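Here the structure is laid out as structure tokens; the discussion comes afterwards.
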Protein chains: 2
Amino acid sequence: MAMTIAEVSERFELSQDTLRYYERIGLIPRVNRTKSGIRSYTEEDCKWVEFVKCMRGAGLSIEVLVEYVELFLRGDETAESRKELLIEQRDLLQSRTEEMLRTLQRLNDKIDRYEQTIGRKEKTLKRLD
Amino acid sequence: MAMTIAEVSERFELSQDTLRYYERIGLIPRVNRTKSGIRSYTEEDCKWVEFVKCMRGAGLSIEVLVEYVELFLRGDETAESRKELLIEQRDLLQSRTEEMLRTLQRLNDKIDRYEQTIGRKEKTLKRLD
DNA sequence: ACTTGACTTGGAGTTCGCTCCAGAGAGTAC
DNA sequence: GTACTCTCTGGAGCGAACTCCAAGTCAAGT
């Protein structure tokens, strides 16, 4: 059940360095070690890794995720703060996503215009043949 | 019609340093200067600034935008390459956007669960009164 | 003529988020 | 026991994208 850093690295496609870095800065709670000091990831640890990978992938900052973990570790009485933090980040993510959708549309329009322009050019060339 | 860097900075909410930086690295074509060496932005220059701001805002890399500008400056025969570059970036942007939409959904679910948990807690507290 | 303020350039400095490395300590294989 | 492999820690290094700074130029106002 418990996994080594090599296995977790493989499983989530994050480098061992990144996993150690994430733990060092508190982006995931501290992982337990064997008596000889080697990390032994539980399924719970893996859930944190997966969560953080997902949130980082969407662009949430390390800073805010560290804060989330800190709140989590302080226990139940921080549930409200955690919820507020999540709402704030959700709103940020939403507006960034909306901006990206608009830009996506713009890129598609631009590509369409390129298609038309190049299409016209080809026609012209054919006519010249 | 022509604008100073201060006006362009104001108009697009980009610092003067950023505008100069963008020009220096070729993210926008070179802006003409007055005889005394001061930048004088035409409406055309402003369109580039706006385009770049939009694309950077969606996360396109500086590197790829510089390449786009270079191709543009080489003229009509690069239209096809420019189109391909745009398609590539469009596809990248699309998958990033999709990832963000999935994460957005996940965040919303998580917030919902927080709402329920906190709701239950409040009820319990009330019952204890 | 001189001060003020906006602008110039080239280059150094900063922040974020990793990524790499050196040196050391275990566990396994022979 | 010694070679090999995996892992550890603390710290240095790196690339991207700005951001700041020093020293100098120029135009306008008084």
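Letters A, B, ... are given to chains in the order of the sequence lines, protein chains preceding strands, and every chain is numbered from 1. Please read these numbers as outputs of a predicted model, since none were measured by experiment.
Listed nucleotides D:dC18, C:dG17, C:dC7 differ in distance to A:Arg56; the shortest reach to its side chain belongs to C:dG17. Distances from the side chain of A:Arg20 to the nucleotides D:dC18, D:dT9, C:dC18 place D:dT9 closest. The side chain of A:Ser36 lies closest to C:dG27 when the candidates are D:dC26, C:dG27, C:dC7. In this structure, the nucleotide among D:dT7, D:dA17, C:dC7 sitting nearest to the side chain of A:Ile38 is D:dT7. Residue A:Arg24 places its side chain closer to D:dG10 than to any other of D:dG10, C:dT8, D:dC18.
Between B:Asn32 atom CG and C:dC7 atom P there is a gap of 17 Å when expressed in whole angstrom units. Look at CD1 on A:Ile62: it is 10 Å from P on C:dT19, rounded to the nearest Å. Atom C1' of nucleotide C:dG17 and atom CG of A:Leu19 are separated by 14 Å, given to the nearest angstrom. In this structure, A:Glu63 atom CD and C:dG17 atom C1' are separated by 13 Å, rounded to whole Å. Straight-line distance from the OH atom of A:Tyr22 to the P atom of C:dC18: 3 Å, rounded to whole Å. Put simply, CD1 on A:Ile25 is 16 Å from P on C:dT15, counting in whole angstrom units. One interatomic measurement links the two molecules: OH of B:Tyr21 to P of D:dT19, which rounds to 10 Å at whole-angstrom precision. A straight line from NZ of A:Lys35 to P of D:dT7 spans 15 Å, rounded to a whole angstrom.
Residue B:Asp17 places no side-chain atom within donor-acceptor reach of the base of D:dC18, judged by atom type and a 3.5 Å distance cut-off alone.
Within the 4.0 angstrom heavy-atom criterion, only backbone atoms of the sugar-phosphate kind lie near A:Thr4; the bases stay farther away. Looking at heavy-atom distances under 4.0 Å, A:Arg39 makes contact with sugar-phosphate atoms alone, never a base. Residue A:Ile5 is classed as a sugar-phosphate contact, given heavy-atom separations below 4.0 Å to backbone atoms only.
Judged purely by distance below 3.5 Å, without hydrogens or angles, the side chains of A:Asp109 and A:Gln105 pair a donor atom with an acceptor atom.
Other residues, nucleotides and ligands contribute only 12 or fewer heavy atoms inside 6.0 Å of the CD atom of B:Glu63.
For the side chain to side chain donor-acceptor pair (under 3.5 Å) test with A:Tyr114, the passing option among B:Lys83, B:Arg82, B:Glu84 is B:Arg82; the others fail.
Side-chain atoms of A:Ser9 come within 3.5 Å of backbone atoms of A:Leu14 as a donor-acceptor pair (strictly under, hydrogens ignored).
Ring centers of A:Phe51 and A:Tyr68: under 6.0 Å apart, within the cut-off.
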